[in-house]
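Report on one structure; see the data block that follows.
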Amino acid sequence: MDPTSENIAAELARRHRAASRTVLGLIVAALLLSVVAFLSKNFLTQRNNPSVDIGVRITILILGLGSIAWRRTKFSSMRLQDIGALQGGLGLLLTLENTTVQIGFLGAGIALIGFVATLMTGNDLYTYWAAAISLVVLVYCYPTKSSWSRTVERFSETPPSN
């Protein structure tokens, strides 16, 4: 291994660990919101609000489908190939980490919207199904180190050997 690939391997480990911890933290946060909603359901007053119901459902649907579209767009082969050619392996790792964290925050936003709807309406089911959708998004975006290393190997421009 040349020093450049050692730097990239170290950076891969560091960025993957950071992204993994962020996504795991957001998973725990979504689960904690469900626990808080469960524990507080006796203290909330039930208020039926059809406009909040429709608004929350549409917002969560858009964020859930948007997170899938965002990931597919950011991780498209042509885009990663261009980033690898222009910025090399470090640029690819930065893109992988940023996109993973962005999608993770979209997933956490879904859980938070459900929790806010629970506080507004007193119906704890908003938090439960929003947390379930959030967990699907967060598991979908969870980074695997092997896929990141394959992506860097495939798309990064290696310096010519003498």
Side-chain angles (χ1 to χ4, degrees), residues 1-37 54-118 125-162:
M1 277 186 135
D2 61 352
T4 306
S5 60
E6 287 177 6
N7 288 340
I8 290 177
E11 192 69 16
L12 170 68
R14 187 181 71 77
R15 289 187 184 272
H16 179 265
R17 186 173 45 252
S20 297
R21 287 182 179 171
T22 301
V23 172
L24 286 174
L26 294 173
I27 288 172
V28 169
L31 292 173
L32 285 176
L33 285 176
S34 294
V35 169
V36 169
I54 295 297
V56 167
R57 289 176 191 247
I58 290 173
T59 303
I60 289 175
L61 176 70
I62 289 171
L63 288 177
L65 294 176
S67 67
I68 293 169
W70 186 259
R71 184 178 191 272
R72 291 184 59 86
T73 301
K74 290 290 204 167
F75 289 164
S76 71
S77 293
M78 290 186 67
R79 185 173 188 278
L80 292 176
Q81 186 176 9
D82 290 344
I83 291 171
L86 294 173
Q87 299 174 2
L90 295 176
L92 282 170
L93 289 174
L94 180 66
T95 300
L96 292 170
E97 180 186 28
N98 286 343
T99 302
T100 300
V101 170
Q102 290 166 358
I103 296 169
F105 280 120
L106 280 174
I110 291 170
L112 187 62
I113 288 170
F115 183 72
V116 169
T118 295
L125 292 177
Y126 285 115
T127 300
Y128 301 149
W129 64 264
I133 294 170
S134 171
L135 291 175
V136 168
V137 169
L138 289 167
V139 168
Y140 175 70
C141 83
Y142 187 80
T144 58
K145 194 171 187 176
S146 61
S147 67
W148 279 27
S149 65
R150 281 194 314 267
T151 301
V152 171
E153 288 174 12
R154 180 176 175 199
F155 294 112
S156 67
E157 292 290 320
T158 57
S161 59
N162 292 334

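Excluded from the calculations below are hydrogen atoms, water molecules and symmetry mates; all remaining heavy atoms, backbone and side chain alike, are included.
- Here the options are Leu26, Ile27, Ile110, the test is side-chain contact (heavy atoms from CB on, under 4.5 Å), and the partner is Leu135; only Ile27 passes.
- With values rounded to the nearest 0.5 angstrom, Ile133 atom CD1 is found 9.5 Å from Leu65 atom CG.
- The distance from the CD atom of Glu97 to the CD atom of Gln102 is 10.5 Å, given to the nearest 0.5 Å.
- Taking each heavy atom of Ser77 and Phe155 in turn, the nearest pair found is O-CE2, 3.6 Å.
- When atom types are taken as modelled, the side chain of Thr127 and the backbone of Ala37 share no donor-acceptor pair closer than 3.5 angstrom.
- Under the 3.5 Å distance criterion, the side-chain polar atoms of Ser134 are left unmatched by any main-chain donor or acceptor of Ala130.
- Of all the heavy atoms in Ala30 and Ala111, the pair that sits closest is CB-CB, 3.9 Å.
- What you find for Tyr128 and Ser34 is that their closest heavy atoms are CE2-O, 3.6 Å.
- The two residues Arg71 and Cys141 have their closest heavy-atom pair at NE-CA, 4.3 Å.
- Contact check for Val56 versus Trp129: side-chain heavy atoms found under the 4.5 Å cut-off.
- The OH atom of Tyr126 lies 9.5 Å from the CD1 atom of Ile60; values are rounded to the nearest 0.5 Å.
- Considering OG1 of Thr59 and CD1 of Ile113, their distance stands at 5.5 Å, rounded to 0.5 Å.
- Within 6.0 Å of CZ in Arg79 there are more than 12 heavy atoms belonging to other residues, nucleotides or ligands.
- Of the inter-residue distances, the one linking Arg15 atom CZ with Ile8 atom CD1 reads 11.5 Å to the nearest 0.5 angstrom.
- A 6.0 Å sphere centred on CH2 of Trp70 holds no more than 12 heavy atoms belonging to other residues, nucleotides or ligands.
- Shown here for Leu92 and Leu80, the closest heavy-atom pair between the two residues is CD2-O, 3.4 Å.
- Residue Pro143 comes nearest to Thr100 through the heavy atom pair CD-CG2, 3.8 Å, listed as atom of the first residue, atom of the second, then distance.
- Phe105 places none of its side-chain heavy atoms less than 4.5 Å from the side chain of Leu112.
- The CD atom of Glu11 sits 5.5 Å away from the CG atom of Leu90 when rounded to the nearest 0.5 Å.
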Q: Decide yes or no on side chain to side chain contact (heavy atoms under 4.5 Å, CB included) for Leu96 and Phe75, but give the supporting numbers first.
A: CA-CA 8 Å; Leu96 292 170; Phe75 289 164; 3.6 Å; yes

